[in-house]
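Some notes on the structure that comes next.
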Amino acid sequence: MHFTSEQRLDDGVLAREFTLGEIPGTLWTPESAAPVPLILIGHNGGLHRRESRLVARARHSAASGYAVAAIDAPGHGDRPRSAVDEQARADLRRATQAGEPVDEIFESFIGPLVEKAVPEWRTTLDALLALPEIGGPVGYSGMTAIGIRLAVVEPRIAAAGFFAGGYVPRAQREEARRVTVPLLFLLQWDDEGNPRQRALELFDAFGAKEKTLHANPGGHTGTPWFEVEDGNRFFGRHLK
């Protein structure tokens, strides 16, 4: 892991850019003399790790005593897009504008993304836990499809927060019953791109004994800020 820049922010949080092979990322850490728990944070749509809402969530969690790390998924943020990525995006735009079904397009796009992104998250986790300022345990907060696979294959994940607003491939819906870590699931009740019933069925399928559903009125981007604060309380119960 190579740190390429660092900045001490006005809330005392230290923000550092890093690269790990081809993986670009950002690590936010609080002012603390002791090793702190870690939260892996991802945007629900796999967008840039510097997206304003993701950065705001990360800084809030870091100021609350967590190390927080984000990486750009393959084909997103600072990562180059392949011809397949570009074609999938073009197909999605065309189908959306024409009012055509988009599930199969998402399936062909999100499924391979999960297969590529999860090993990168695990490699990043190895490097982060080797830093003296990070002691674990580890939580995940972000895209459901990636989070399901990560929670299933990575035993170091102790708790997870999922956002219900993204497409979840059929393979991950099948894996949901194997997610047994404590879980917080956020649902926007009127999300125009995410069928409510499918999200409720997914929540029912999760195998966790402790799982909580928070549903708020509003569309895809309307998640209330207090859910960030509730998320920190959730992680506080399981990571501290």
Side-chain angles (χ1 to χ4, degrees), residues 1-81 113 116-143 146-147 150-151 154 156-163 221 223 225-236 238-240:
M1 175 175 283
H2 176 61
F3 287 103
T4 58
S5 69
E6 67 175 56
Q7 180 184 10
R8 181 70 67 180
L9 306 174
D10 54 12
D11 52 8
V13 170
L14 180 64
R16 286 176 284 176
E17 300 293 317
F18 67 82
T19 58
L20 184 62
E22 298 180 354
I23 307 168
T26 307
L27 174 64
W28 295 265
T29 50
E31 292 182 299
S32 174
V36 295
L38 172 66
I39 299 175
L40 308 177
I41 188 170
H43 192 285
N44 199 33
L47 299 178
H48 204 294
R49 70 185 188 281
R50 299 192 192 97
E51 195 273 337
S52 59
R53 286 179 296 164
L54 184 146
V55 171
R57 286 167 46 209
R59 289 184 60 175
H60 190 277
S61 295
S64 300
Y66 301 93
V68 184
I71 61 174
D72 284 336
H76 297 78
D78 290 335
R79 309 286 292 276
R81 293 180 184 176
L113 175 64
K116 289 183 272 188
V118 168
E120 292 191 347
W121 269 120
R122 300 188 75 186
T123 297
T124 303
L125 181 56
D126 289 340
L128 290 169
L129 289 177
L131 298 174
E133 62 268 38
I134 299 176
V138 182
Y140 170 87
S141 174
M143 185 178 181
I146 290 175
L150 192 60
E154 180 48 75
R156 291 172 292 186
I157 300 295
F162 294 159
F163 293 83
T221 60
T223 304
W225 179 254
F226 63 70
E227 290 292 2
V228 176
E229 299 168 344
D230 283 351
N232 282 340
R233 284 191 286 271
F234 165 77
F235 284 119
H238 301 290
L239 304 186
K240 289 187 173 181

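Any value given below was found using the heavy atoms of this structure, including those in side chains, with hydrogens, waters and symmetry copies removed.
The salt bridge (charged side-chain N to carboxylate O under 4.0 Å, His left out) search around Glu227 returns none, not counting sequence neighbours. Scored by the side chain to side chain donor-acceptor pair (under 3.5 Å) test, Thr124 finds no partners at all (sequence neighbours excluded). Evaluation of the side-chain contact (heavy atoms from CB on, under 4.5 Å) rule for Ala62 yields Val13, Trp28, Val68 as partners, not counting sequence neighbours. Listed by chain and residue number, nothing satisfies the ring pair (Phe, Tyr, Trp, His ring centres under 6.0 Å) test with Phe18 (two or more places apart in sequence, or in another chain). The side-chain contact (heavy atoms from CB on, under 4.5 Å) search around Thr123 returns Leu20, not counting sequence neighbours. Residues meeting the salt bridge (charged side-chain N to carboxylate O under 4.0 Å, His left out) test with Arg156, sequence neighbours left out: Asp126, Glu154. Partners of Arg59 under the side chain to side chain donor-acceptor pair (under 3.5 Å) rule, at least two apart in sequence or in another chain, are Asp10, Asp11. A search for side-chain contact (heavy atoms from CB on, under 4.5 Å) contacts involving Ser52 returns nothing, not counting sequence neighbours. Not counting sequence neighbours, the partners of Arg233 by the salt bridge (charged side-chain N to carboxylate O under 4.0 Å, His left out) test are Asp230.
Residues Leu131 and Phe3 have side chains in contact (heavy-atom distance under 4.5 Å, counting atoms from C-beta outward).
Taking both residues in full, the closest heavy atoms of Gly65 and Val36 are given as O-CB, 3.5 Å, listed atom of the first, atom of the second, then distance. When all heavy atoms of Asn232 and Ser61 are compared, the closest pair comes out as OD1-OG, 2.9 Å. When every heavy atom of Lys240 is checked against every heavy atom of Ser64, the shortest pair comes out as NZ-O, 2.7 Å. Closest approach of Pro35 and Pro132 over heavy atoms only: CG-O, 3.6 Å. Nearest heavy atom pair, residue Met1 against residue Ala127, reads CE-CB, 3.7 Å. Residues Ala73 and Arg79 come closest through the heavy atom pair O-CG, 3.3 Å.
One finds the OG1 atom of Thr223 at 6.5 Å from the CZ atom of Phe163 (value rounded to the nearest 0.5 Å). Rounding to the nearest 0.5 Å places NE2 of His60 at 4.5 Å from CD of Glu229. Residue Ile146 holds its CD1 atom at 11.0 Å from NZ of Lys116, rounded to the nearest 0.5 Å. Atoms CD and CG, on Glu6 and Leu27 in that order, are 10.5 Å from each other to the nearest 0.5 Å. Note: Leu129 CG to Leu38 CG = 6.0 Å, rounded to the nearest 0.5 Å. Rounding to the nearest 0.5 angstrom, the gap separating the CD1 atom in Ile157 from the CD1 atom in Ile39 is 10.5 Å.
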Note to self: Pair Glu22, Glu120 - check side chain to side chain contact (heavy atoms under 4.5 Å, CB included), show working.
What the structure shows: CA-CA 10 Å; Glu22 298 180 354; Glu120 292 191 347; 5.7 Å; no
Check: Could you go step by step and tell me if Leu125 and Leu150 meet the side chain to side chain contact (heavy atoms under 4.5 Å, CB included) rule?
Finding: CA-CA 11 Å; Leu125 181 56; Leu150 192 60; over 6 Å; no
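For residues 130-142, the salt bridge (Lys or Arg N to Asp or Glu O under 4.0 Å) pairs, not counting sequence neighbours, are Arg16-Glu133.
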Side-chain donor-acceptor distances from residues 134-142 under 3.5 Å, at least two apart:
unit_1: Tyr140; atom_1: OH; unit_2: Met143; atom_2: N; d: 3.0
unit_1: Tyr140; atom_1: OH; unit_2: Met143; atom_2: O; d: 2.7
unit_1: Ser141; atom_1: OG; unit_2: Arg57; atom_2: NH2; d: 3.2

